[in-house]
Q: 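If you scroll down you'll find the structure; I have some questions about it.
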Amino acid sequence: ILPRAGLLDPQGQAVEHALAALRFEGATNVHVGRAIALDIAAASAAEAGAVVRRMCDKLLANPVIEDYEISVENGGSP
Amino acid sequence: ILPRAGLLDPQGQAVEHALAALRFEGATNVHVGRAIALDIAAASAAEAGAVVRRMCDKLLANPVIEDYEISVENGGSP
Amino acid sequence: MTGAGVLTEARAFPGEREVTPEVVREHNLSEREYAEIMALLGRTPTLTELGIFSALWSEHCSYKHTRPVLRTLPTAGPQVVQGPGENAGVLRLPDGWAVAFKIESHNHPSAVEPYQGAATGVGGILRDVFTMGAHPVALLNSLRLGPLDDARNRYLFAGIVKGVGDYGNCVGVPTLGGEVAFAPGYSGNPLVNAMCVGLLREKDLMRARAHGAGNVLLAMGARTGRDGIHGASFASEDLSLASGSRRPQVQVGDPFTEKLLLEATLELIETGLVVAIQDMGAAGLTSSSAEMAARGGVGVELDTSLVPVREPGMTPYEIMLSESQERMLVVAEPHRVEAIQAVSARWELTATPVGRVTDDGLFRVVHDGVTVAAIPGDRLVEGCPVYHPEAREAPAAIARRRARPEGEPKCDPAGALPLLLDDPGIASKRWVYEQYDSTVQAETVLGPGGDAGVLRVPGTGFGLAVSVDGNQRYVALDPCEGGRHAVAEAARNVACTGAEPLGITDCRNFGNPDRPEVFFQFREACRGIAEACVAFGTPVTGGNVSLYNESPGGAIDPTPVVGMVGLLRDVTKRVPAWFQAPRDYLILLGETRGHLGGSSYWEVVYGFTGGSPPAVDLAAEARLQRLLVAAAGAGLLGSAHDCSDGGLAVALAECCMGEPYAARTLGAEAFIPNPHDLPAEAMLYGEDGARAVASAPPGRVAELLALARAHAVPAAIAGRVTDPGAALRIVVEGTREPAVSWSPAELRRVFFDAIPRRMAARGRDVLEGR
Amino acid sequence: MTRVAVVRFPGSNCEPEACRAVERAGGSTFYVGHRDPSLGDAEAVILPGGFSYGDYLRCGAIARFSPIMEAVRLHAAAGGPVLGICNGFQILCEAGLLPGALVRNAGLKYLSRPVDVRVERTGTPFTAAYRVGEVIRIPIGHGEGRFVASEETLDAIEAGGQIVLRYADGGLPDAPVNPNGSMRDIAAICNPPGNVVGMMPHPERLAEPGLGSAAGRGVFDSLMQHGAVTSDR
Ligand SMILES: Nc1ncnc2c1ncn2[C@@H]1O[C@H](COP(=O)(O)OP(=O)(O)O)[C@@H](O)[C@H]1O
Ligand SMILES: [Mg+2]
């Protein structure tokens, strides 16, 4: 979950400067957001993804200022 | 970048409760951490990954409280 | 100067939309206003010019509906150093000190994005104050929200409080007071009014007036992005009408940069490096440059291609209208530019020349050498048509004022007290102010939770008392009385600590002024505020108007909010709101007439919001204020607390429950004289003004009563403070009801738990902020 | 008269009151900037509260790399007194001068309120003026003050007597004694020798009776006594 493109991202800027100061050249367009990890029981990865998408729209992400990406890992069968 | 396993993660718990309150059943072991996205110029994905790993060890993550994972996407050649 | 009437030349910026009636409407300009623009340019405006006009001729910047009414406010007084018209008002203090203060709304942005909207509201008001050369020493905030049983309202409340807190905390300015009220009209229309108080040496006062043709304009601070384009005109229409596309991009606050900007700005002013400086607030670069030019009677030329931008390809239109936060516009003599840039660099900031002061009176914008806007500057700022909307009170309002509660009360008078203390409007706001740093700067004498916050002026023995107040229920029922009440309560809160009320800033939050009943509320509330200010000798030094606070849910209650500053001559004499010691005498100041009209009691116990609010006796209020100040100065008072929402019973309960972190409660035996044989509920819960509950040590009571007599303030010994843990017992003279009795410890639980209990359910707000 | 350097990072905001508290106790102060290479003739260093670099990323994470921190490290290694208050504590942890880390309050909210803390160790340049077991009431103001460390580290801290202040019950009503969920109620710790101390509460905000209490003044009196002793040697 990252700040929407175009929005000011003071954290991203601060980190970008800090990295530069530490001689990590060439790190650009740094953005800082939130990572949320959770387990859900779902029949398929697709279904899990769909549930999480609904979670993001309703709670996890703030549509006014944030965009999100979802990645599903199969935690193996129950 | 997520809180170390075993460390109390009140934010994760709060989100877990909020999800339950919104009738999202079956979301368990929710953890909230930080996502950092950045572009770097590197010869290979492997090299990029190595650079970012050094960034994490030095600045982006605090080993006392956090574990991190890195994923590299190829942004195409310059 | 030659500005007025000049027909000017400007060319459209390549690729810019052409100006059609549709585009004009989108910019929220009336046909009359557009005709005015055509006339004073002698041609069709470019899109950039249209945008500039739409910003400066928006209600937010032009006050086109409200200026005639605002002109009727009292703004003069021996203590006034700077009245309305600058970025903040300034009042004189002892020893060459002065106080700059101002209140401002950020309602619309907070309705869209509560956390960022509230945070950037605090940022804006801080800049208004340090722009004057003043060091911010206190913040206050006045919030209005819909009822907390609605999840959306809880989300807005949590996000707004967090936004206000995070910003002020990070900049390092203590929040010393505020208020929160809840009513259905604010669902979807939350109000966020932020007030900042700053200190300066009077001689260092900085005014935002550009002058000196050839002087340089520099943009200092954050880069310019596409944030909040159209904010000013957006803030001037109903949320319901603002079409998605017209919704400005959310402004994100950066309190870290703000702190650096604060330090750099004060250093620039104190070292005399700048001619003038103003923050880029609503309508950003446009309003800051145009207003500084107009105040100085000069022209300006801006080259938008020089402005540091955050995103590539920004047009002059976007750069002129961006509301990116944490930016200042500096006017300086050319030979100072390097020194200014050195100071900025020391504070990790950049200052970039973006234009110059001219002598042709034109407001000119060039981009890559193309003149994209050329407007007579004085007409741009002053030329907006002024409207005199119709004002008529709604029959429904009259009916509500005349109505009386029907049916049975929920409980007997004794049972009502816990109910009232559990009402979120009356309950402790500790859940709120606990999230605000109230002790940073280490000058806090009385923090939040009492009547007014008190801070010491560094290195002196005197201090300031600050409070914000407004009772929208009273205003809805009787706008004029409501306006008077707002000033009276603020002054009472300040005087209770022992401070003399000095002056006010006010924020008027109303609905759509084109509706006669709304404009009636506005006009009458202003009349009430003006009358009270005259009576108390507390001039209006500035403020802010926020109209169009309406959503599909309807309009808000009319909500004028008054921010008062008072002078406490000796901070060691400050008077707390809470009982201090067992066996102190309890003294009622003022007269209890048992007026229940418009009361919280009726609302909570009868579920009825109506009746006519108590009439404010301005002379009596002024006498009470003088008495409280004199008594505090003479060291006669153990405590003093004003009576407002919930009347005597609630005031007495608050005195017994003690401060937010009191380790103990105190009891009280109260006997309330009742010469007119009124029912107990009226005596206990009536909300007559001009009253306070005081306590005094046995040795000082006689003196206090004598002093009251000398000030012609009715005062009666009404019992004693009793031991820790003892009960609060109230006997109302001559009523058949037995004495009513409560345990302060239990009341305390109700009072402090009311809001946390309702906010326990957590939502997205737990993810808000860092 | 003890000379105390107060470090100003971009975003520090408690440095004036830190100076006042030292001066009221009889010391003298001067500011050093985050880019300065040295601490001049300072006998002691204070890292004040605030939001260095906005506390972006993590509290203190970026400040730790400021050039001045190298000088602070040397000063500490030489046994010189170093006090980190609030954000200063967070920086000392990030810099590895103190063990553990400070993370978001268990209540997830910024908390501004008085707290009661019990003095656990008086053998430091900043607590010598107190008595062991004494409970003092001073304010906190932080959103990220929950002290965390691994169990082994915590045991080592306890064994080494490195806990300086613990949140304790001094009678404050209706709020948990431990305001932020800190492990083992830790409010302040020090390094093994005790010359480097970090604390979340703000003693400098309550260091004069005029503001209702001088409970925090002992921290600065201690430093003056310490300064007197060392300069006698
Ligand atoms: N939003 C807020 N921010 C800071 N302090 C607040 C806020 N709301 C209430 N308070 C504190 O609680 C006190 C009591 O509020 P209120 O119930 O309005 O009392 P009063 O009617 O005397 O103004 C205020 O004086 C203020 O110190
Ligand atoms: Mg109030």
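Only heavy atoms go into these numbers, but all of them, side chains included; no hydrogens, no water, no symmetry mates. Quick note on labels: first sequence line is chain A, next is B, and so on, each numbered from 1.
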Q: Quick check on Leu2(B) against chain A: is it the side chain, the backbone, both or neither that has a heavy atom closer than 4.5 Å?
A: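 Just the side chain, heavy atoms under 4.5 Å.
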
Q: How long is the straight-line distance from CG of Leu38(B) back to NE2 of His31(A), given to the nearest 0.5 Å?
A: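 Answer for the NE2-CG pair, His31(A) versus Leu38(B), is 10.0 Å.
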
Q: Using a cut-off of 6.0 Å, state whether more than 12 heavy atoms not belonging to Glu69(A) lie near its atom CD.
A: no

Q: May I ask you to name which of Ile1(B), Asp39(B), Leu59(B) has the most heavy-atom pairs under 4.5 Å with chain A?
A: Asp39(B)

Q: Tell me, out of Asn29(B), Leu60(B), Thr28(B), who's got the most heavy-atom pairs with chain A below 4.5 Å.
A: Thr28(B)

Q: Roughly how far, to the nearest 0.5 Å, is the CZ atom of Arg23(B) from the CZ atom of Arg54(A)?
A: 14.0 Å

Q: Which residue out of Met55(A), Glu16(A), Glu25(A) racks up the most heavy-atom pairs below 4.5 Å with chain B?
A: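 Top count of heavy-atom pairs under 4.5 Å with chain B: Met55(A).
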
Q: Taking every heavy-atom pair that is under 4.5 Å apart, which of Ser71(A), Ala41(A), Gly26(A), Ala18(A) has the most such pairs with chain B?
A: Gly26(A)

Q: Please classify the contact between Ile36(B) and chain A as side chain, backbone, both or neither, with a heavy-atom cut-off of under 4.5 Å.
A: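 Answer is both: backbone and side chain atoms of Ile36(B) are under 4.5 Å from chain A.
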
Q: If every non-hydrogen atom of Arg34(B) is compared with every non-hydrogen atom of Ala35(A), which pair is closest and at what distance?
A: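 Residues Arg34(B) and Ala35(A), closest heavy atoms: O-CB, 3.5 Å.
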
